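Report on the structure given below.
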Amino acid sequence: MRPLTAATAALSLWICVAGCDRGITLTELSIDAAPGAAQPHLAGGADMPVVLSWLEPAGAGTALRFATLADAGWNPPRTLRSGAGWFVNWADFPSVVPVGADLWAAHWLVKQPGGAYAYDIVMAVSTDAGASWSGDIFLHDDGTATEHGFVSLFPWADGVGALWLDGRETGAPNGAMTLRAAVVGADAEVHGPAQVDDRVCDCCPTAVAVAATGPVAVYRDRSADEIRDIAVVRAVDGVWQPPARVADDGWRISGCPVNGPAIAALGDRVVVAWFTAAGQRARVRAAFSADSGASFGAPVDVAAGDVSGQVAVVLDGNGHAFVSWLEGSVRLAETGAMELRVSRVTPEAGAGPSHPIAHTGAGRPAGVPQMLLNDGQLLFAWTDTLEETLRVRSARVDADRVR
């Protein structure tokens, strides 16, 4: 394994765009994380601090650590919580999220007896921008030995909105995974828990962005005949509206693909990106809305072929999107690697050329790469599984170079 240093290194990736060689220079940002660190999560940006969180081994248990971004790179990390008996998983992982100038929130997952996927969501809030944290907050109180996870945290109702997959109904005859939401106040109390959808895909990550009219959530739905397309649901005046489909892909699949959508919003403009393999054709797609997610235009195919999804999406001030995803290729097959790639997407012109950002190993330990737009730069974080030991890596590039 290469040693981690405090210095940053420039990574030149030379690619051909429209018949011409053109280079984009990535600046790698070193992270003071222990060997075995994985499951990165990025949050913040714009008028909020950028926060990177991750999990790393801590004795016989696991630690949730986080760091904020400065001009020169990541500030020294802090440990938010550590403990034994946590649920540690490549697809369902903790987060540390700034939701206001002083109000931050975090969540992690703790096992309970009853099965391999019996675990609960535990949260904490900070009212001093992450300097100190509340005691443990239990997001749900159903007490069932079922899966609770895939949490999205976001600003809502002067507190922290939380959206999650909740398995409390899965033990009943014909029971299904549900989608639920609540608000956690600065007082560390859970307010207004509600069911948002009574039947959703079992283990695809959720995502939420705040548009002009309020929170807009996306997730993989599940129909009675196993169509698992992407659904959107909005909270308007504090009330969750009926769900709707972002697009009618018609992907019928008997099990969960563990491949959730991503969303970004800026005012009334919203973009959703997702993976589908409907019709036995793997694609990364995106769709735009100009009315805070009430309706979406025809989807754009961003990438197809040997794509694996695990998408992220951001919007710039012009309403243009950047979509990232994982894919393999014949060229990479012998090395067992996958590429993290990014493309600029507009509703008018569709997807531009894709650019390679990083290599990681094939398979689930590579996790869900992260992307965030901050001060005109795209920031990426991912788990590098090509080394002897897992490690979290990050890099940034000027967004205007991705054309």
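All figures in this text were calculated on a predicted structure; none of them were measured in a lab.
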Within a 6.0 Å radius of atom [atom1] on [X], are there more than 12 heavy atoms belonging to other residues, nucleotides or ligands?
X: Asp237; atom1: CG; answer: no
X: Asp141; atom1: CG; answer: no
X: Asn174; atom1: CG; answer: no
X: Asp158; atom1: CG; answer: no

Would you say [X] and [Y] make side-chain contact, with heavy atoms under 4.5 Å?
X: Arg228; Y: Ser254; result: no
X: Asp306; Y: Glu327; result: no
X: Val51; Y: Trp104; result: yes

For this session: Output, in order, the C-alpha distance, side-chain angles, deciding distance and verdict of salt bridge (charged side-chain N to carboxylate O under 4.0 Å, His left out) for Asp120 and Lys111.
Result: CA-CA 6 Å; Asp120 294 330; Lys111 294 179 182 178; over 6 Å; no
For [X] and [Y], indicate whether the former's side chain and the latter's backbone hold a donor-acceptor pair under 3.5 Å.
X: Arg341; Y: Ser354; value: yes
X: Ser343; Y: Gly352; value: yes
X: Asp398; Y: Asp400; value: no
X: Asp316; Y: Asn318; value: yes
X: Thr360; Y: Thr383; value: yes
X: Gln370; Y: Leu42; value: yes
X: Asn259; Y: Gln310; value: yes

Sidechain N-carboxylate O distance under 4.0 Å for [X], [Y]:
X: Asp202; Y: Arg222; result: yes
X: Arg180; Y: Glu169; result: yes
X: Arg199; Y: Asp221; result: no
X: Asp136; Y: Arg81; result: yes
X: Asp225; Y: Arg252; result: yes

For this session: Classify the angle between the aromatic ring planes of His148 and His140 as parallel (below 30°), tilted (30 to 60°) or perpendicular (above 60°).
Result: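 Taking His140 first and then His148, their aromatic rings lie parallel (interplane angle under 30°).
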For this session: Start with the C-alpha gap between Trp54 and Trp108, add the side-chain angles, then the distance that decides, and say whether ring pair (Phe, Tyr, Trp, His ring centres under 6.0 Å) holds.
Result: CA-CA 11 Å; Trp54 65 91; Trp108 59 98; over 10 Å; no
Problem set entry | Trp74 versus Ser394, side-chain donor and acceptor atoms under 3.5 Å |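 Yes - a donor-acceptor pair under 3.5 Å links their side chains.
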Exercise. Is it true that Trp251 and Phe275 have ring centroids separated by less than 6.0 Å?
Worked result: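 When the ring centroids of Trp251 and Phe275 are compared, they turn out to be within the sub-6.0 Å range.
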Problem set entry | Contact summary for Val99 and Gly159, nearest pair of heavy atoms |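 Taking Val99 first and Gly159 second, the nearest heavy atoms are CG2-O, 4.4 Å.
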